[in-house]
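Quick notes on the structure that follows.
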Amino acid sequence: MLEQLEGSKAVARAVAMCRPEVICAYPISPQTHIVEALGAMVKDTTLEHCEFINVESEFGAMSVLIGASATGARSYTATSSQGLLFMTEAVYNAAGLGLPMVMTLANRAIGAPINIWNDYSDAMAVRDSGWIQLFAESNQAAVDLHIQAFHLSEEISLPVMVCMDGYVLTHAIEPLDVPDQELVDKYLPPFIPRQLLDPEDPVSIGAMVGPDAFTEVRYLAHAKQLKALQKIPEISTEFERLSGRKSGGLVRTYRAEEADTIVIGMGSVVGAIEDAVDDLRDSGISIGAISITTFRPFPLDALREAVGNPKRVVIVDRAFSVGMGSILATDVALALAHNDIRLYTVVAGLGGRAVTGISLKQCLSKAVKDDLEKLTFLDLDVDVVERELTRMEQSKRSGPSAENILRDLGTTTPETEGQL
Amino acid sequence: MDRPFAITLQPGSSRANKTGSWRTERPVYVDLLPPCNDACPAGENIQGWLYHAEEMGYEEAWRTIMLDNPFPAIMGRVCYHNCETACNRGKVYRPVSNAMLFGESGASFGKAEYAGVPGSTLRTTTQQGASSGQRERADYLRDGTLDEAVGINAVERFLGDIALKSDWQIPAGKPATGKRVLVVGGGPAGLSTAYHLWLLGNDVSVYEASAQLGGMMRFGIPAYRLPRDVLDKEIDRIIGLGINIELNHKVTDLLAEMEEGNYDAIFLATGAEIARNAYIPAGDSSHIIDALSLLRSAQDMERPQLGRTVVVYGGGNTAMDAARTAKRLGASEAIVVYRRTRDKMPAHDLEVEEAIEEGVKMRWLSTINRVAGEKLLLEKMELDNTGFPQPTGEYDELAADSVVLALGEEADLSLLGHIPDIVIENGIVQVDSTMMTSHPGIFAGGDIAQKDRTVTDAIGNGKKAARNIDNWLRGIASPDSVRHPLAEWSRLNTWYYSDAPATMRPKLDAVRRQSTFDEVVIGLDESEALFEARRCMSCGNCFECDNCYGVCPDNSVIKLGTGMRYEFDYDYCKGCGICATECPCGAIDMVPED
Amino acid sequence: MTKGQAPTPYSGSREDIVTGQESKQEPQQTPSTPRQVKFYQTGSFAVGGRLLDAPERTVQSGIKRTNSLTLGHRACQGCGEALGARYALDAAMRATENKIVAANATGCLEVFTTPYPETSWQIPWIHSVFGNAAAVGSGIAAALRAKGRDDIRVVAQAGDGGTVDIGIGCLSGMFERNDDVLFICYDNEAYMNTGVQRSGSTPPAARTATTEAIGRQPGNQWGQGKKMPLIAMAHEIPYVATATVAELHDLEYKIEKAMSFRGARYVHILVPCPLGWGSEPANTIKIARLAKETGIFPVFEAEYGEVTGVSKIRSKVPVEEYLLLQKRYAHLFRPSRQDEVINKIQEEADRNVRRFGLLGEDGMVQPSDTDKGISAHLGGKVG
């Protein structure tokens, strides 16, 4: 049943349907609405048998979940950006220990300069942590993915991160269908932990492992992720069987059959890409799109198969590795290494900059003619960066670039400069 | 549980890691000689019987005493308890008060703040005002703060008395050997020997010259120190074993008696009962008697005429007993005249104290020059560099109705007159290490054969003689006794012992003490005796306090259960030595690994 | 008369008053006042003893003690932390009928107990990272609460680094939320696992690898460091206590008392480290004892932010006797004696004695003294 809902509230309701037993909350925008809603549900007993803990930091949040999960409790938290970085040590630890839990990452850029808007630099910062990372294209996908995430996490005993774009999704209000409790209960089996802190059957969890076994431990962690590549489609199929809605899975194709050009993206930008594909198809261009839902484990084979054999692939990424380029493109390139395909990378939407249909279509139009730079920053203000680069050349003490650019853009007044 | 590889481990699996291989030193349990046992002339296993008494096993405790000493009730009264002097508990240090130590920060821990510190062992840490570099560190750290010696003697008396009250009996001794031994003299040495010989299976006879057994216990120790019913009961218990006793049997020809009685060996224990004399010029009217006669008359309930003022000449225990007896016999004044100072007196401190408590007066550094009618002329003395008294030529007068001489006793050795191969030196019969005289088969002990003339020494002598005689009769050599190393105070970790002040034995009130022969010192009740027993620190011998078991960081001490002590688990013991440091009683040594 | 039974006649003047000795029979009952203990051969100071009634024996004296930390661990010879951990956890086990779960911070205790493929723990135990033991404990407690398992109790433990430095954020959070976790700090006053570096718990003048005994002020700086038990008290949690490995009865009493409360509890145990302190392994307990007997380490307990009892010094000794057994203070005595520094340390110890009322008869701090002392330390916020 469709309801007009904010993305965060819908996700909160979906999480509550999963009957979590421990939830940690630490405020950071833009994920706060989710835990606020959950907190309210615990308070008004909509969500029973659940401990809602206002922790002192994200590091504390993740650490509490580690303890809770190891004690057999279904555990959940949400974070963003700096918060994710602050908990990073524990994020790695949870994955290393193989503890099931679900965390929403309301994607947001990482400072400095501090920025509260959407991009994927936070998710990318922990892509090697051992967590499973799922990306939601829409709020409906976010709702469905959370329910699937608990199933997946507990099935393979790994933590799962559901990434949804900050503000773009979290704060968007739209008609959404949150599955009812009966469906979720049917879908999601009770949590049976693989390892448990239990006085009746004591074990020591978290041993120190030296060179003699560390490689094997890492290999096994990788094997688990590969196993997830099999499980994710199964779990998705099962969800579709019960809800009648297709969601989740590894990758999704859109008008990609026999296309000369394939555009690959993740998250909410996929919607813009699909609009552009439609327009370009209308003008007779052979173009399609692929959405990557499962970023970790990275679906090399599924992606290769979905891509097929086009002339070129354009990767639209909302993050990039400074000094290197698109992170997503690197992974896609590995998937397509044996194919003779030209790759273009478009870095778009950093720090919340809107990815407009016009800009995207212009960019793709160039790409289909192989007239695009290998690495393009969508809507980059070339004048501004040129001026700053010149200034840096001229003076060693040219000041912080961010503030310089803001001044160039006229965002700040001379009076406030001193305060910045 | 299906455990993830490497990250999650099976509990207790570290047992596979035998950490004992790290060790360079290993702890070993030792048993050491406690100082009380070491000091006991009767060779009692004091720590051993206290161990039983501590857990209210009074009969077991009494039986342990009886293995060495047949007279616990007597000894619990008259022994001068060298054990308590040796007791490590009395060597422990106690700060005067915490308040004194606090407040002056820093270097305020001078020697003066510790009471009862035997200066020989404790060097102080810092001296107030001492300049840098001059301070010396303590030889050891003061880990504990304790108090006074365990009241061993009082507990022994309690055990002796409870045994008499409960009529506990001596169990059968060893199978009969068929050997006959004659004991000459029914004093403590003779009776102790007879008892031990009987325990060893010998046929024993005791010939006593007087009409009663007990010797100096009866004739030399007044009833107010040793009630006669206690004496009689403990002697009767021995007689009851089937030892042949002949009273009023004075032996004059030893060899003839030996042949006549068909004895295989003889033990001589006739004691020292002849009063030593001193020449004191005196008129005929002067009333001079010897101390032993005085004590003997008191025992016989005679009341010798002593007059109002009695002077006792001498400084030994007999002098104290004579003076105290004189008071009880009606003397209004009893004055002890002694040529040296109090600290040089041979009398035991306790006896001196009790005498003074009862009103006996002391004239130190004085000799009796002569007796002139009812007055004595005393010469003042002074001690020379060697501590020997020298006359000063200064004189003083002292009124006295009678003079009691208490100048020591000598043995009557007339019965040995016709045995030429027995050697006598300075009035003492010479014996070898087995206590045998130069005449085969004739052994000697007690006051005739030793300088230390206490009842305790005599009892110890008797036990030793009995064992040697028995061995000689069996034709086997007496084994050299192996003594364990002494459990020195420095081995103890006294921190673990609670402060527990000694129990004072109550005494009879002063009025009754001056007029009657009622026992002066009152015994402990059960709770007091138990408390006292539990003050024992068990020096040098494990008493199962569980400390080693508890303090091992490597769980490498195995507790075997009550009475079975502990074992080290050398598979895992890393040899850190905490157990040895923290053993309260010093029963663990660290020894290097090979 | 039965062997091993306490004699009935004892009462009154023969009783030896010992603070901190408590019946172990009813662990869930909140112990309120120090009780009088009858005198025995070694009083209540040794681990056990045949003359003690069973309830007065320590957990450690028991032939069937749980040995939560068992044989084969790889702690150094004479490790105070290995000892303290077994003492504390076995006591917690007894208090909970063997139902505890432990979270452990990174550090010596974690490394020497759980190197793959062996663990020395016999209790359910988890190690996550260095700074989050308290939060992991909170998570365990939350999970148990959610599942209605109030019979299983949680212990979180760390060394001083994992407590007062990197772990203080999570710890403070656990405290202020009053999560049902007993946090135990095994304080050996530096980062031993990484090679003896200074922590916020390292005392002044002590040599560590990052406060070497060189320069004009050798050893650790004066005027730095923090007193975690007082910080814990400032959270007004139900129970805070300090203890040392030298007084087992006191330590066990405090753990058991801690387990009688629900909510956040903190026990801070001084555990000498032969390696880091440069002491003889055999002297570990002796040094802990001296830390208390000098006044350097005050042993006390507090409920809801107020001191309720102190373990009195039995026989005060100068700090020098404590310092001399440790090479980390060797520079105070060689090549020349640093009287000024030694006196300063003595003053600190004496200040503790005054502040906590460590000397005297009653075993309890006078409220006025406490208020003055503690509030002075906290800048007058309590009082």
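Order of the sequence lines fixes the chain letters, A, B, ..., with proteins taken first and strands second; residue numbering starts at 1 for each chain.
Under a 3.5 Å cut-off, the side chain of C/Arg86 and the backbone N or O of B/Gly550 do form a donor-acceptor pair. When atom types are taken as modelled, the side chain of C/His73 and the backbone of B/Arg15 share no donor-acceptor pair closer than 3.5 angstrom. B/Glu544 places no side-chain N or O within donor-acceptor distance of the main-chain N or O of C/Gly49, the cut-off being under 3.5 Å. Side chain of C/Thr119 to main chain of B/Leu9: no donor-acceptor pair is present (N/O by atom type, distance under 3.5 Å, no hydrogens or angles). Between the side chain of C/Arg314 and the main chain of B/Trp495, a donor-acceptor pair closer than 3.5 Å is present. B/Lys559 contributes a side-chain N or O that, together with a main-chain N or O of C/Ser61, makes up a donor-acceptor pair within less than 3.5 Å. With C/Tyr116 contributing its side chain and B/Phe5 its backbone, the two residues share no donor-acceptor pair below 3.5 Å.
If you take CG on C/Asn67 and CG on B/Asn555, they are separated by 4.5 Å, rounding to the nearest 0.5 Å. For the atom pair OG1 (B/Thr19) and CZ (C/Arg74), the distance works out to 9.0 Å, reported to the nearest 0.5 Å. B/Thr8 OG1 to C/Trp125 CH2: the interatomic distance, rounded to the nearest 0.5 Å, is 10.0 Å. Note: C/Arg65 CZ to B/Asp546 CG = 9.0 Å, rounded to the nearest 0.5 Å. Taking CD from C/Gln77 and CZ from B/Arg23, the interatomic distance works out to 10.0 Å, rounded to the nearest 0.5 Å.
Around the CD atom of C/Glu280, the shell of radius 6.0 Å holds no more than 12 heavy atoms that belong to other residues, nucleotides or ligands. By the 6.0 Å contact criterion, CD on B/Glu593 is enclosed, its count of non-hydrogen atoms from other residues, nucleotides or ligands being greater than 12.
Interface summary for chain C: among B/Cys552, B/Ala16, B/Ala580, the most heavy-atom pairs under 4.5 angstrom belong to B/Cys552. For chain C, the option among B/Cys579, B/Ser14, B/Gly12, B/Cys576 with the highest count of heavy-atom pairs below 4.5 Å is B/Ser14. Most heavy-atom pairs under 4.5 Å with chain B: of the set C/Ala82, C/Cys79, C/Ala75, this distinction falls to C/Ala75.
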I'd like to know whether B/Asp554 forms a side-chain contact (heavy atoms from CB on, under 4.5 Å) with C/Leu71, so could you lay out the CA-CA distance, the side-chain angles of the two residues, the decisive distance to 0.1 Å, and finally the verdict. CA-CA 6 Å; B/Asp554 302 306; C/Leu71 293 159; 5.9 Å; no
Check the pair B/Glu582 / C/Asn283 against side-chain contact (heavy atoms from CB on, under 4.5 Å), numbers first and verdict last. CA-CA 9 Å; B/Glu582 300 305 321; C/Asn283 282 342; over 6 Å; no
Test side-chain contact (heavy atoms from CB on, under 4.5 Å) on C/Ile285 and B/Thr581; report intermediate values, then the result. CA-CA 9 Å; C/Ile285 288 177; B/Thr581 307; over 6 Å; no
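A side chain to side chain contact (heavy atoms under 4.5 Å, CB included) with B/Val551 is found for exactly one of C/Val245, C/Leu248, C/Val47, namely C/Val47.
Only the side chain of B/Tyr572 has a heavy atom closer than 4.5 Å to any heavy atom of chain C. Neither the backbone nor the side chain of B/Ile7 comes within contact range of chain C, judged by heavy atoms closer than 4.5 Å.
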